[in-house]
Structure formats: C-alpha cells, structure tokens
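The sequence lines fix the lettering, A, B, ..., with proteins before strands; numbering per chain opens at 1.
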Number of protein chains: 2
Amino acid sequence: MIRRVVLIGSGNVAESLAQAIASCEELTLVQLYARNETRGKEVAALSHCPHTADPQQLDPTADLYLLSVSDRAVEELAQQLPIPQTAIVAHTAGSVALDALRPYPHRAILYPFQGFSAGRRIDFRTVPLFLEASEEDDLEALTAFAQLLSHQVYEADSARRKRIHLAGVIANNFVNQLYAAATDLLHEADLPYEVLKPLIHETASKAIDAAHPALVQTGPAKRGDRATQEGHLALLNDKPELKAIYELISQQIWETSKKI
Amino acid sequence: MIRRVVLIGSGNVAESLAQAIASCEELTLVQLYARNETRGKEVAALSHCPHTADPQQLDPTADLYLLSVSDRAVEELAQQLPIPQTAIVAHTAGSVALDALRPYPHRAILYPFQGFSAGRRIDFRTVPLFLEASEEDDLEALTAFAQLLSHQVYEADSARRKRIHLAGVIANNFVNQLYAAATDLLHEADLPYEVLKPLIHETASKAIDAAHPALVQTGPAKRGDRATQEGHLALLNDKPELKAIYELISQQIWETSKKI
C-alpha cells in the first residue's frame, strides 16, 4: 500500500502532483527532492513539505519515489539517487519506457495526460492517469494510489501510451496551431484576437458535451458547400501550407460526415 | 435610432438574438415572424413577444427588420415580405452580400461570429458582431443597437467578413475535426473520449488567456523533437491523410516558433 511519497522534481507537473498528494488525507508527501533550490523550495512551500537538494538527504522511508522530471533527465537521475530497493520507483514521462528505471526492481510509470504549464492551476482529479508497472502487485498498489488523486485511471503499456501521446499532440498542439493561424488571419484584417475567443470557448465546450466531436460538426466542409470553400481557398493563395491544410482537413470532415 | 425590432426567422441564431433583444431594456422586440409555426411560437414564447407566420400580419411599425434565416433564404424572403421602405432591413448571414436586400433603400448586415446550436445557451454579450450598411446614418444607428447587445462590435465589408468566416472555419470546424481524429485514435486503443476532455478544455482555456495562441505552444513540433515525431508518424501509416496533416501542421508549428 502506498502512503508515504517522496516527489522528485520541481517542474509544472511536479508542482501540480505535489499539491494533489499533499491535499489527499490518506497520503503523506514526505519530502520534495529538487536540484533547483529556488523552485524546489517554492513547490515544497506550496505543498507544505520539506525540501532537499542533497541526494544524501533523500528520505529513505517512503513507499513511492515519484520522478517528475523532463523526459531526458529520468534515466540519469534514477541512477544517481539512493532510492531504497524495496520501494516503488515511478516516473511521469509519457515517452520514456519502464527500462529507464533499470536499477530498481519495483519500476512503474504514472503518466498524467494533461498540458501542465507555469501559473495555471489544474484540478488534478480531472487528469487522466496512465499506469504501468514491472510487478503485478505494484500495479495494484499504484492503481489504488492513483485513484486517490484522479477520477480517471487506466493501464497503459508503451504502445498504448505512445498512441495516447499522439492523440494529445493532435488535440493540444495542433489545435493550438489552428488557433494561431486563425488569429493571424484576423490580424491581417486588422481585427484583434479577442474576436476569436468566444468561438474557441464554445467550440471546446460543445465538443466536450458531445458523445463524439464528429457528432457536432458544422460548416461548409460538412455541408459540401464548394462555393464557400473555393472562396476561402482563394484567400489562402499566398499561404500554400495553410491552403494544403484547409484542403486536407475539409476532405476529412466530408468523409467523416458520410460515416456518421 | 433603433428601438423597435421585428425579428424574422426561428433558427438557433434567431432564438439567441430574440432573447438578447427581449432582455434589453432599451429595446422592444415587437414581433417574431417565422414561417415554421411550431418553432416560431417556441422562440416567441422564450422571448415573450407575439408571433406571426402570415406576411400580411407583419408589424409595420419597427425601426429594424432583422432577417435571421439561412444564407440561401435571405434574398427570396426579403423580396416577399412587405417591409416598410423607411425601416432598416438587416440580415445576419456572414456569406451573403448587402445586395441580397436590393428591394430596400436601408440595407444592412449584422453578422454574429459564433457557432450557435440547438439547446446551447450563449451569452450574447460575448458574441462579436460585424456590421455593414448601405447608408452612413444607418451604420451609426445599427452600431448603437449592436452595442446594446454585445461588448464586441466591428465594421466589416464583404471582404473582411469572408476573412473572418475563414478564421471561424479554421478555429471551429477544423479544430473540431482534430478533436474527432484524436478521439478515433483513443478508441482504437480502447480508451473512451472522456480521456481527451480535460486536455481539450485546458488547451482552449490556456489559449484564451494568452495574448496570442502561438505564445503558449508546446510539444514535439515546437521543440523540434524528431524522434517523437517519427514515432507518431509510424503510428499513422494506415492513415495517409491524417499523416499528411500531422506533417503539415508540425511544420507550421516549427516555423511559427522560429518567428516569435
């Protein structure tokens, strides 16, 4: 059973995790380890736990050591820290395999599926958590732990995590790039980004309230309104890449609409 | 000065407009005209105004006759209705020119930039309104009227409206198609759409809080992380169109990130 946790890291994910763990009655955030003294103290203060930057001071009494550091730092850091071999060692990096924690017999992954960023408060209970563990018993313990933090807990091996990460890139990074392209078009018409915000908000809300986003699709591509599409394409003659994206996504909308 | 309004139509935009006008102290929604008796009565009841489906019963005393009907119906309906020549006649169709209201000397457009749909309540004060009018005086009157309904009122001729509409298609229809593609990827990994919803919400909220969406971009394309991108592309080998979209948008993110 996981009760005592040492959190390692001081980034945005670590900050969010620290607060979620600290505010959970059943859990104790024993210590925050972070090499960055300033950020480490900041995150530790937010979650009312002691901080250390000295590997030798790492608390040896925790059930779980949670490495919430950048994808590239996981492997090296795992090898440097004197984590007891009896504890579960888990990282939060979606694109890093279980193998990166090779020195430890109880290896695990807890991948939170959300875009964490500085200064933005996220209700951790809404964040889907994807778990993997080297031992069946550890997976059970980790699942019970994760369910204390979030309403959505799933198992995911590397292949599944990769697919989830891809879906996230599409729904987060790619969507954000379309927002940016639309904003640039408005700026070219001397209109502020403000104009777009109500539509961004409503589009997201409407999709969230639907059983599948395709069920609430609208617009010229869905209707097969070629005249409007031709008019739009003419506006994009000086933006060949955006024009190609327009044609491809319009085609996808049209094909999706025939299937539902 | 516009004080008395007759609203023509009973679609989602008309319903939202009717309620916005009816709830504004300075305005009177004199009558709702709609050929669809059932919907007409419904919308009229929601905004506490009389309804008619008979052109001969059209109230002749309004300052503004607002045609909120489908793009294709505007021109024909405008010619059939006995609207007094002294009133302003405006339509709400973003893709229809002022000319469609040819029979009337006081022609105008009030284009609300938002995706309205059945059963979804929208705070009309947040909806950007784009205005055009055949006469300078009418534009002034229409602007004062629109400012009673919304915090965001702008002028827009046909060219500007077309560009705004294109931006809307990108930020609404195209974004929604990316949500749908991401959902399908999750379904293929036996995961529910629920998994994606917190990310959709946070991506929209974060962009809305930014000065420009490009300023809050993250992810492998922004970082130039080719290894992760190659892994994603390999997952899309059986989806050539989505793969092409992945490559094009990733390229755009990378180029945008160099500019800011």
**Prompt:** Minimum heavy-atom separation for B:Ala214 to A:Ala180, with atom names?
**Reply:** N-CB, 4.0 Å
**Message:** What part of B:Tyr179 gets within 4.5 angstrom of chain A, counting heavy atoms only: side chain, backbone, both, or neither?
**Reply:** both
**Prompt:** Do you know which two heavy atoms are closest between A:Ile208 and B:Tyr193, and how far apart they sit?
**Reply:** N-OH, 3.8 Å
**Message:** Below 4.5 Å, heavy-atom pairs only: which of B:Ile170, B:Val216, B:Ile249, B:Val127 has the largest tally toward chain A?
**Reply:** B:Ile249
**Complete:** From the list A:Leu235, A:Leu236, A:Ile164, A:Thr126, the residue making the most non-hydrogen contacts under 4.5 Å with chain B is A:Leu235
**Message:** Rounded to the nearest 0.5 Å, what separates atom CG in A:Leu248 from atom OH in B:Tyr246?
**Reply:** 15.5 Å
**Complete:** The interface call for B:Pro220 against chain A, heavy-atom contacts under 4.5 Å, is both
**Best-contacting candidate, A:Leu196, A:Val195, A:Thr183, A:Ile200, against chain B by heavy atom pairs under 4.5 angstrom** = A:Val195
**For chain B, the option from A:Leu215, A:Asp184, A:Thr228 that forms the most heavy-atom pairs under 4.5 Å** = A:Asp184
**Asked** Can you check side chain to side chain contact (heavy atoms under 4.5 Å, CB included) on B:Glu241 and A:Gln251, steps first, answer last?
**Response** CA-CA 9 Å; B:Glu241 299 84 7; A:Gln251 186 60 30; 5.8 Å; no
**Request:** Would you mind checking which part of B:Ala221 comes under 4.5 Å of any heavy atom in chain A, side chain (CB onward), backbone (N, CA, C, O), both or neither?
**Result:** neither
**Fill in**
Bottom line for B:Gln229: the part with an atom under 4.5 Å from chain A's heavy atoms is neither
**Prompt:** Between atom CZ of A:Phe174 and atom CD of B:Gln252, what is the distance when rounded to the nearest 0.5 Å?
**Reply:** 11.0 Å
**Asked** What are the two closest non-hydrogen atoms of B:Ala182 and A:Ala167, and how far apart are they?
**Response** CB-O, 3.5 Å
**Asked** Between A:Ser117, A:Ala159, A:Gly231, which residue shows the highest count of heavy-atom pairs closer than 4.5 Å to chain B?
**Response** A:Ser117
**Message:** Looking at chain A, which one of B:Thr256, B:Leu186, B:Ile245, B:Leu199 has the largest number of heavy-atom pairs inside 4.5 Å, strictly under?
**Reply:** B:Leu199
**Request:** Count the heavy atoms belonging to other residues, nucleotides or ligands that lie under 6.0 Å from CZ of A:Arg120, then report whether that count exceeds 12.
**Result:** yes
**Request:** Select one option (side chain, backbone, both, neither) describing which atoms of B:Ala227 are under 4.5 Å from chain A's heavy atoms.
**Result:** neither
**Prompt:** Taking atom NZ of B:Lys162 and atom CG of A:Leu185, what is their separation to the nearest 0.5 Å?
**Reply:** 13.5 Å
**Fill in**
Most contact-rich option vs chain A, by heavy-atom pairs under 4.5 angstrom, among B:His201, B:Gln217, B:Lys222, B:Glu194, is B:Gln217
**Message:** For the CZ atom on A:Arg102, are there more than 12 heavy atoms of other groups (residues, nucleotides or ligands in this structure) within a distance under 6.0 Å?
**Reply:** yes
**Item:** From CG (A:Leu166) to CG (B:Leu242), nearest 0.5 Å
**Value:** 7.0 Å
**Residue, of B:Ser250, B:Pro128, B:Ala244, B:Pro198, that accumulates the most heavy atom pairs under 4.5 Å with chain A** = B:Pro198
**Prompt:** If you measure from CZ on A:Arg163 to NE2 on B:His232, what distance do you get to the nearest 0.5 Å?
**Reply:** 10.5 Å
**Message:** Given heavy-atom pairs under 4.5 angstrom as the criterion, report whether the side chain, backbone, both or neither of B:Gln177 touches chain A.
**Reply:** both
**Prompt:** Relative to chain A, which segment of B:His165 carries a heavy atom at a distance below 4.5 Å: side chain, backbone, both, or neither?
**Reply:** both
**Prompt:** Counting only heavy atoms not in A:Arg72, do more than 12 sit closer than 6.0 Å to its CZ atom?
**Reply:** no
**Asked** Contact part of B:Val169 toward chain A, heavy-atom cut-off under 4.5 Å: side chain, backbone, both or neither?
**Response** side chain
**Asked** Given the options A:Arg160, A:Glu255, A:Glu188, A:His187, which has more heavy-atom pairs under 4.5 Å with chain B than any of the others?
**Response** A:Arg160
**Fill in**
Most heavy-atom pairs under 4.5 Å with chain B, out of A:Ala181, A:Ser205, A:Ser95, A:Gly168, belong to A:Ser205
**Request:** Ignoring hydrogens and angles, tell me if any N or O in the side chain of B:Asn176 forms a donor-acceptor pair with the backbone of A:Pro213 under 3.5 Å.
**Result:** yes
**Prompt:** Using non-hydrogen atoms only, which part of B:Ala156 is less than 4.5 Å away from chain A: side chain, backbone, both, or neither?
**Reply:** neither
**Request:** Under the side chain to side chain contact (heavy atoms under 4.5 Å, CB included) rule, what do B:Thr218 and A:Asn173 come out as? Steps first, then yes or no, please.
**Result:** CA-CA 6 Å; B:Thr218 60; A:Asn173 308 153; 3.3 Å; yes
**Message:** Could you check whether any side-chain N or O of A:Glu202 sits under 3.5 Å from a backbone N or O of B:Ile122, counting only pairs where one atom can act as donor and the other as acceptor?
**Reply:** no
**Prompt:** Between B:Ile253, B:Asp71, B:Asp123, which has the largest tally of heavy atom pairs under 4.5 Å with chain A?
**Reply:** B:Ile253
**Request:** Below 4.5 Å from any heavy atom of chain A, which atoms of B:Asp190 appear? Answer side chain, backbone, both or neither.
**Result:** both
**Fill in**
Whatever's closer than 4.5 Å to a heavy atom in chain B on A:Gln114 counts as both
**Request:** Give, as side chain, backbone, both or neither, the part of B:Lys206 having an atom under 4.5 angstrom from any heavy atom of chain A.
**Result:** both
**Asked** Distance from B:Asp209 atom CG to A:Lys197 atom NZ, nearest 0.5 Å?
**Response** 7.0 Å
